**Student:** 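Before we start, here is the structure in question, set down as structure tokens.
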Amino acid sequence: MSYINFNNAGASSVTKSTLRIIKNFLEFENNVGGYNAEIRYKKKLDEFYLNTSKLINSDLNEISFLQNSTYAWNFFLNSIKIKKDENVIILDNEYGSNLIGLINKNIKYKISKINEDGNICLKDLKNKIDTKTKIVFVCHIASQCGDVINIEKIGSFLKKINKNIIFVVDACQSIGQVKIDVKKQKCDILVGSGRKYLRGPRGTGFLYINKKIKSLISPFILDIKNTLLKKK
Ligand SMILES: Cc1ncc(COP(=O)(O)O)c(C=O)c1O
């Protein structure tokens with residue numbers, strides 16, 4: 001490598017072993033074709049789900065592969081019904097693309113304050129929550145500043161107020177450097193990208209969906225493979 005990368009918040013360089021595995025896979029795929037390579041590497045590819053679930057303390061089948069955090073976040077948003085009179089809450093550090101997602105769908109949103117010391121103002125959050133609040137979105141670490149939001153505190157706080165409020169965490173900047181435990185932190189949805197602190201390749205990310213809220217999710221895209229599997 002001819003440079004020192006200080007920008008893991010943008011994209012890290014992959015580890016030597018990751019680079020070797022990707023190169024080997026691409027060469028193998030080029031020789032035998034995509035489907036054959038998939039069959040040959042199935043066990044290895046499936047480790048994605050196992051390793052991600054271990055990393056965040058979830059079940060294996062609560063993990064979906066998506067190409068990045070933005071897709072994962074929007075996949076969730078477009079797969080859940082939010083009624084016209086319902087609202088969602090974001091913090092004032094929300095990631096720009098996520099906000100665009102809400103605006104594009106005309107979803108009513110309220111912005112909850114973060115104090116000057118970087119902690120969430122729970123009083124303001126409580127005031128913003130009403131009986132029509134469906135989701136609270138939290139950006140764990142914003143890309144524009146380094147404050148780490150205490151998601152465990154927010155998770156417990158929310159579930160005490162109303163256990164049906166869906167707690168969504170954007171862990172794009174935290175996964176790989178801050179401990180995530182979706183059970184302890186009471187997250188229902190969590191998204192992350194591979195290319196930052198996980199030191200994975202670009203084009204990798206994940207969506208965690210707590211099995212308790214699975215029945216509320218109706219995936220807005222189903223490919224033929226998923227559909228056939230479901231009907232079996
Ligand atoms: C907090 C946060 N969320 C989401 C994203 C989007 O990540 P991606 O480009 O992998 O979708 C970023 C990117 O920097 C981010 O900092």
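On a predicted model such as this, the values are computed, not experimentally measured, just so you know. Whatever order the structure lists ligands and atoms in, that order sets their numbers, starting from 1.
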**Student:** Within a 6.0 Å radius of atom OH on Tyr71, are there more than 12 heavy atoms belonging to other residues, nucleotides or ligands?
**Tutor:**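 Atom OH in Tyr71 is not packed in, count stays at 12 or less.
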**Student:** So with a 6.0 Å cut-off around NZ of Lys159, is the heavy-atom count from everything else above 12?
**Tutor:**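 Yes.
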**Student:** Report yes if the side chains of Asp46 and Tyr49 come closer than 4.5 Å at any heavy-atom pair, otherwise no.
**Tutor:**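 Yes, side chains in contact.
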**Student:** Considering only heavy atoms from C-beta outward, does the side chain of Val138 approach that of Val168 to under 4.5 Å?
**Tutor:** no
**Student:** Can you work out which protein residues put a heavy atom within less than 4.0 Å of ligand 1?
**Tutor:**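 Residues near ligand 1: Asn68, Ser69, Thr70, Tyr95, Cys139, Ile141, Ser143, Asp170, Cys172, Gln173, Ser193, Arg195, Lys196.
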**Student:** Atom NZ of Lys186 and atom CD1 of Ile154: how far apart are they, to the nearest 0.5 Å?
**Tutor:** 13.5 Å
**Student:** Check the angle between the aromatic planes of Phe137 and Trp73 and answer parallel, tilted or perpendicular using the 30° and 60° thresholds.
**Tutor:**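 If you compare the ring of Phe137 with that of Trp73, the planes turn out tilted.
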